[in-house]
Amino acid sequence: MLKISNFTGRFFTITFLMVIMLLLSFSAHKYYASITKIEINEQEQLVKVYTQVFVDDFEDVLEERYKLSAIDFENLSDEEEKYIAAYVTKKIQLKVNRQPMELKFLGCEAKNELLYIFVEAPVKETVKRFDVENTMLQDLFSEQQNTIDITNNKITKSLHLYAENPSGTIYY
């Protein structure tokens, strides 16, 4: 089982704020959001991607797209893992210096109302330009907003992506 590790205090702070916003939201309109943390480690030649979404929203997308329901994210069947991996790696697209990266789905873990999704990709060159497209959950929720924090050489930059603006570029 994959355990949450290497998260920074900033990621947990954002998670805490998302949960508080959920609990304090009394309006009829639900808040749709995800947070993605991307760590570029050129020494390890690896890009690590940690995404968190609300479990119920992710379950709704899996039900709508693949007719998957009642998913135990801690014990995924091979079929469930295949569909989740396909969905995540289609909805999150990364490029380093304009070259597409091949993402590998590592797994996911549900905690309370949040689902943590883990993905990684090899990187073999110095990152000067980093492109991110994140359309996670936007195929079902047009109001979905995806916040991305990208850390490279201890420098963190952020993007705020939504349906009308699903991609962005960071320069280092």
Trainee: Rounded at 0.5 Å granularity, tell me how far CD1 in Ile150 sits from CZ in Phe130.
Mentor: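 With rounding to 0.5 Å, CD1 (Ile150) is 5.5 Å from CZ (Phe130).
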
Trainee: Report the C-alpha separation of Ile170 and Val132 in whole Å, then their side-chain angles, then the decisive distance to 0.1 Å, and conclude whether the side-chain contact (heavy atoms from CB on, under 4.5 Å) test is met.
Mentor: CA-CA 8 Å; Ile170 299 291; Val132 178; 5.9 Å; no

Trainee: Within 45 degrees of the ring normal and closer than 6.0 Å to the centroid, is that where the cationic atom of Lys157 sits relative to Tyr172?
Mentor: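 Yes, cation above the ring, under 6.0 Å and within 45°.
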
Trainee: Test side-chain contact (heavy atoms from CB on, under 4.5 Å) on Thr51 and Met136 and set out the steps.
Mentor: CA-CA 10 Å; Thr51 298; Met136 182 84 68; 4.3 Å; yes

Trainee: Search all heavy atoms of Ala163 against all heavy atoms of Ser142 and return the closest pair with its distance.
Mentor: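 Minimum heavy-atom separation between Ala163 and Ser142: CB-O, 3.6 Å.
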
Trainee: Please test Glu113 against Asp56 for side-chain contact (heavy atoms from CB on, under 4.5 Å), starting from the C-alpha separation and ending with a verdict.
Mentor: CA-CA 7 Å; Glu113 296 186 14; Asp56 59 336; over 6 Å; no

Trainee: Rounded to the nearest 0.5 Å, how far does OH of Tyr116 lie from SG of Cys108?
Mentor: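 Interatomic distance, Cys108 SG to Tyr116 OH, rounded to 0.5 Å: 12.5 Å.
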
Trainee: Are Leu106 and Val119 close enough that some pair of their side-chain heavy atoms sits under 4.5 Å apart?
Mentor: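 No, side chains not in contact.
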
Trainee: Side-chain heavy atoms under 4.5 angstrom apart, residues restricted to Ile, Leu, Val, Met, Phe, Trp, Tyr: same cluster for Ile38 and Leu46?
Mentor: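 No, separate clusters.
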
Trainee: Between Gln52 and Ile117, does the side-chain contact (heavy atoms from CB on, under 4.5 Å) criterion hold? Intermediate values first, please.
Mentor: CA-CA 6 Å; Gln52 62 185 28; Ile117 301 168; over 6 Å; no

Trainee: Strictly by modelled atom types, are Ser158 and Asp149 linked by a side-chain donor-acceptor pair under 3.5 Å?
Mentor: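 Per modelled atom types, Ser158 and Asp149 side chains form a pair under 3.5 Å.
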
Trainee: Can you list the residues that meet the side-chain hydrogen bond (donor to acceptor under 3.5 Å, both in side chains) rule with Asp78, with sequence neighbours excluded?
Mentor: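 So Asp78 forms no side-chain hydrogen bond (donor to acceptor under 3.5 Å, both in side chains) with any residue.
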
Trainee: Does Asp72 CG have over 12 foreign heavy atoms under 6.0 Å away?
Mentor: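 Enclosed.
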
Trainee: Between Phe73 and Phe58, is there a side-chain heavy-atom distance shorter than 4.5 Å?
Mentor: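 Yes, their side chains come closer than 4.5 Å.
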
Trainee: Going by side chain to side chain donor-acceptor pair (under 3.5 Å), name the pairs with one or both residues in residues 159-171, residues two or more places apart or in two chains.
Mentor: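 Only Arg129-Tyr171, Asp131-Thr169, Gln145-His160, Thr147-His160 qualify under side chain to side chain donor-acceptor pair (under 3.5 Å).
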
Trainee: Could you measure the distance from the OH atom of Tyr66 to the CD1 atom of Ile71? Nearest 0.5 Å is fine.
Mentor: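 It is 10.5 Å, given to the nearest 0.5 Å.
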
Trainee: Measure across Ala110 and Val55 and return the closest heavy-atom pair with its distance rounded to 0.1 Å.
Mentor: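 Nearest pair, atom of Ala110 first, then Val55: CB-CG2, 4.3 Å.
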
Trainee: Can you find a heavy atom in the side chain of Phe105 that is under 4.5 Å from one in the side chain of Ile84?
Mentor: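 Counting from C-beta outward, Phe105 and Ile84 do come under 4.5 Å.
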
Trainee: What's the separation between atom OG in Ser69 and atom CD in Glu64, rounded to the nearest 0.5 Å?
Mentor: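 With rounding to 0.5 Å, OG (Ser69) is 12.5 Å from CD (Glu64).
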
Trainee: Would a distance-only check, ignoring hydrogens and angles, find a side-chain to backbone donor-acceptor pair under 3.5 Å from Thr135 to Gln138?
Mentor: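 Checking the backbone N and O of Gln138 against the side chain of Thr135, no donor-acceptor pair under 3.5 Å is found.
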
Trainee: Could you note down all residue pairs passing side chain to side chain donor-acceptor pair (under 3.5 Å) where residues 83-101 supplies at least one of them, sequence neighbours left out?
Mentor: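 Only Tyr87-Asp139, Asn97-Glu125 qualify under side chain to side chain donor-acceptor pair (under 3.5 Å).
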
Trainee: Tell me whether Asn41 contacts the main-chain N or O of Gln43 through its side chain, where contact means a donor paired with an acceptor under 3.5 Å.
Mentor: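 Between the backbone of Gln43 and the side chain of Asn41 there is a qualifying donor-acceptor contact (under 3.5 Å).
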
Trainee: What's the spacing between Ser34 OG and Leu137 CG if we round to 0.5 Å?
Mentor: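 CG of Leu137 is found 6.5 Å from OG of Ser34.
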
Trainee: Taking the side chain as every heavy atom from C-beta outward, state whether Val127 and Glu42 have any atom pair closer than 4.5 Å.
Mentor: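 In short, these two side chains touch, coming nearer than 4.5 Å.
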
Trainee: Is there side-chain contact between Glu63 and Val61, with at least one heavy-atom pair below 4.5 Å?
Mentor: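 Glu63 vs Val61: side chains apart.
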
Trainee: Does one side chain, of Asn146 or Gln144, offer a donor that lies under 3.5 Å from an acceptor on the other?
Mentor: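 Yes, because at least one side-chain N or O of Asn146 sits under 3.5 Å from a partner of the opposite role on Gln144.
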
Trainee: Could you give the distance from OH (Tyr50) to CD (Glu120), rounded to the nearest 0.5 Å?
Mentor: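 The distance works out to 9.0 Å.
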
